[in-house]
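Values in this document were obtained by computation on a predicted structure and should not be read as measured data. Both ligands and their constituent atoms are indexed starting at 1 by order of listing.
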Amino acid sequence: MAIQPVIPSEIDDLEEIWEWVESFDAVLEQGGRGLASKILQEIRSRALACGVQVPFTANTPYVNTIHLSQQAPFDGDQEIERKIKSLVRWNALAMVVRANRVEHNIGGHISTYGSVATLFEIGFNHFFRARTKEFEGDTVYFQGHAAPGVYARAFLEGRLTAQQLENFRREMKPGGGLSSYPHPWLMPEFWEYPTVSMGLSPIMAIYQARFNRYLEDRGLKPKTDAKVWAFLGDGETDEPETLGAITLASREHLDNLIFVVNCNLQRLDGPVRGNGHIIQELEAAFRGAGWNCIKVIWGSDWDPLFEQDVDGILVKRLGEIVDGEYQKFIVESGAYIRQHVFGGDPRLLKMAENYSDEQLQKLRQGGHDPKKVYAAFKAAVEHQGSPTVILARTIKGYGLGEAGEGRNVTHQQKKVDEDTLRHFGERFGLKIEEDQIAQVSFYRPPDDSPEIQYMQERRRRLGGYVPQRRVRSKALPPHEEHLFDEFLTGSEGREVSTTMAFVGMLRKMMRDPEIGKLIVPIVPDEARTFGMESLFRLVGIYSSQGQLYEPVDMNTLLYYKEAKNGQILEEGITEAGSISSFIAAGSAYATHGINMIPFFIFYSMFGLQRIGDLIWAAADTRCRGFLLGGTAGRTTLAGEGLQHQDGNSHILALPVPTLRAYDPAFAYEIATIIEDGIDRMYRKGQSLFYYITVMNEPYAMPSMPAGSREGILKGMYKLRPANHGKSKLRAQLFGSGAILREVLKAQEILDEKYGVAADVWSMTSYKALYTDGIEAERWNMLHPAEKPRVPYVTEALAEAPGVFVSASDYLKAQANMLCKWMPRRIAALGTDGFGRSESRASLREFFEVDSRFVVLATLRELLGEGKIEASLVKQAIKDLDIHTDKPDPLTT
Ligand SMILES: Cc1ncc(C[n+]2csc(CCOP(=O)(O)OP(=O)(O)O)c2C)c(N)n1
Ligand SMILES: [Mg+2]
């Protein structure tokens, strides 16, 4: 190959530079690219050592990374693959257009798939390997808005029916429908991972790839070359989660991870970087982070132009054009392109002189050229040592012509006229009858047609269909022993926090011969906060590199032990990363057929509040496992102030349908909940996950009262009945978490000082009670003639005498939402408002949830019932030293 020197034109009069370039060319020709690269690196180091400033750039020129001479030849029948792709395009378009004809504004996207079609199809025909008995398979995160294309392909594969396609976005129709986007919850046998909340799939993919390595390094699955592919939009890279974890991927050398960014230069409203270059920006970010970056910008038609570009002026010119202008070229004529791309320099014009205007207009983008895409994917799967990102230049709304191609409005285009449909058919060479075009009928050639035969054969070779979701794990066998017996008998006066109790259970589980190896403790740099450092030494912190240094605390018992087979995922300060690990572990029962049991423990304030959308995605993924909200309780976490103190998370847990939320006070409650959770999720196969708050206030743990198991799980049980049940003044007090002890104290004060006999209930789960209530109510609405169901809370309190008062470390809304199923009104105490750094006692006074306020609220309720005089309540205010002019915590 004759190598042409490439020198910027402004300095081509510098003789000496020419000589250097010629020497470099000679090295390249004789020693090859490897030697040339080494020499450049050496010279660069030398220059830096001598104080010569070498300008830094993480960018390469605006051309394809894979030089034509290094491009792997296409391995397939390009013509037939083009036909298949056209059929997929047609059916995807038909789905969206038909859905909107039947039901106005049902939605759907055509343009995203229009741009990503070649990227997906090359994957389907050549790369995505299915999960089989022998091979774990690749994991593919599909760009969510391109779902119609994935459905249309599955239709051609014979996996979905025309009826299902017809019911796109209308899942409730007879015959079933298809969910708008990838939702495993709605299509549990099809989609594996939800992707449509932008930015979540990239971070989930990174941690999935890392978790796959973790399983291998721990010997839980064989080492394979399975890949994790994530297809994302270029606009999606604006989301902080998209790029936020990319250094983890390179640090961990995740060469099992491939990102493909569909760079159509547009997002929903308009250009992603109209005045800049999104591809260059992403290249710098990924290369800077240590990724292997492959740009696929130009299609094969450009190759002859680049061949002529001996002095680099075309490459230079292409690098100058901003994305907004590139977008304009899509809607403009060839003459316009000639003028604006090539017009500024006679040498450029000469290069284009053999191209007609029409040819110029049709010059293809790299992401629409199967040969270029194939070569890039092949290079990506063969690359070793780091993750790969493919930046593929595409056109949004490709094929829609004037109805949307490259237009700013294209994202939401879902209705197209007959002309556009005809044009679309012609453009992609579809042999569809005229009336089928007008009606936008679905079209599938017969099974024995070359297209269907070809695509089936390709999929057979790759092990089967993708995507496909199967629960691969076997349920854990029923267990006989009670793993947690020791936690049911109390701490014999020893003061422990529920966090400590939980860590004790975790240790116990990790030692268990059956489930020990399945446990995945996940911490975002908080292990010491939760007293988990003893686990470092016990099971090790996972590190793909082992431990390359002697830890500073080596001579202590609890030293910081990193190990290649370490069990703890110490994620650093990233709740988003940690929950992504949780999702990978919590879905391993399906992905890998292994019942991994993740326990992700975090500051409760930084869970549902901070990463709520990822927790929602975990639910959609049908995740199993336990989330532990540590340092919980607005008044129980003392000294930390309003950003840390959580009185919200139990309210935020309400909307997540598969999340069971508990606010236990005692070790035996936690033990009961976890044991039941493991049983439900891993023995009975229920797709649930758990949120349990644990606190850091130490106190003596009582033993489990007989018969309380059912109540603990259902959300409430009577913990301590009143001493003098015969008293005239009666009350029911409801406490949860650490505040339960304040309620128990109030019970004593009420009894001793005011003659009120109160029963105390432990409220382990307001959410469970609420869910039960609305379920009963719904059933009753639908079954008017049958015996009505009684909500558990109603049943439990049916005979309970006296006034009702609740206190918790969370919002008052928790108790108030149960009000209507209670026989009488309830006075709810809670922690609405901003926390502050203070002692527990001061905080409980400030939020009015300590024992004194429980007493006051009870007396006030009795006054309301006409059972006592106001003077007694006033006296109590004095006795209890309550300041009635104190600030309102809600607004202070
Ligand atoms: C978190 C989140 N915010 C907003 C949206 C709404 N939304 C859907 S698609 C889209 C634009 C996508 O642009 P891009 O990522 O470039 O994908 P393209 O369709 O261009 O391939 C937006 C804003 C979303 N799905 N998720
Ligand atoms: Mg885009």
Where is the nearest protein heavy atom to atom 8 (C) of ligand 1: which residue, which atom, and how far? H145 NE2, 2.9 Å
Report the nearest protein non-hydrogen atom to atom 13 (O) of ligand 1: residue, atom name, distance rounded to 0.1 Å. R267 CA, 3.5 Å
Do Q208 and N212 have side-chain atoms, one donor and one acceptor, less than 3.5 Å apart? yes
Determine whether the aromatic ring centres of F120 and F128 lie less than 6.0 Å apart. no
Using the six-membered ring wherever Trp is involved, compare the ring planes of W229 and F377 and label them parallel, tilted or perpendicular (cut-offs 30° and 60°). tilted
So, 2.8 Å as the limit: is an N/O/S atom of N264 located closer than that to the Mg ion (ligand 2)? yes
Considering only the protein, which heavy-atom contact is closest to atom 20 (O) of ligand 1, and what is its distance? K396 NZ, 2.7 Å
Kindly assign one of parallel, tilted or perpendicular to the pair F582 and F600, based on the angle between their ring planes and the thresholds 30° and 60°. tilted
Given the protein's heavy atoms, is any one of them under 4.0 Å from atom 6 (C) of ligand 1? no
Proximal ligand 1 atoms for V196, defined as those under 4.0 Å from one of its heavy atoms: 24 (C), 25 (N), 26 (N)
Measure the distance from atom 1 (C) of ligand 1 to every protein heavy atom, then report the residue, atom name and distance (to 0.1 Å) of the closest one. E239 OE2, 3.3 Å
Under 3.5 Å between some N or O of ligand 1 and some N or O of Q143? yes
Can you tell me how the ring of Y603 sits relative to the ring of F606, calling it parallel under 30°, perpendicular over 60° and tilted otherwise? tilted
Is the shortest distance from a heavy atom of H109 to ligand 1 less than 4.0 Å? no
Please report whether ligand 1 has a polar contact with S197, defined as an N or O pair separated by less than 3.5 Å (distance criterion only). no
Looking only at distances, can you tell me whether any N or O atom of E236, backbone or side chain, sits closer than 3.5 Å to an N or O atom of ligand 1? yes
Between S179 and Y151, does any side-chain donor sit less than 3.5 Å from a side-chain acceptor? yes
Strictly under 2.8 Å, is the Mg ion (ligand 2) approached by any N, O or S atom of Q266? yes
Salt-bridge present (E571, R210; N to O < 4.0 Å): yes
Is atom CZ of R287 surrounded by more than 12 heavy atoms (other residues, nucleotides or ligands) closer than 6.0 Å? yes
Out of all atoms in ligand 1, which are within 4.0 Å of some heavy atom of N262? Include the element for each. 21 (O)
Atom 2 (C) of ligand 1 - nearest protein heavy atom and its distance: M198 CG, 3.5 Å
Contact between L93 and L421 at the side-chain level, heavy atoms closer than 4.5 Å - yes or no? yes
Under-4.0 Å heavy-atom contact with ligand 1, by part of L268 that carries it: both
Run the numbers for me: atoms of ligand 1, each under 4.0 Å from some heavy atom of G235, listed by number. 14 (P), 15 (O), 16 (O)
Taking NZ, NE, NH1 and NH2 as the nitrogens, is one of them in R273 or D323 under 4.0 Å from a carboxylate oxygen of the other? no
What part of V116, side chain, backbone, both or neither, has a heavy atom within less than 4.0 angstrom of ligand 1? neither
Any salt bridge between R89 and E121, counting N to O under 4.0 Å? no
Decide, counting backbone as well as side-chain atoms, whether E236 has an N, O or S atom less than 2.8 Å from the Mg ion (ligand 2). no
Nearest to the Mg ion (ligand 2) - the N/O/S atom of D234, by atom name: OD1
Please determine, by modelled atom types, if Q609 and D646 share a side-chain donor-acceptor pair under 3.5 angstrom. no
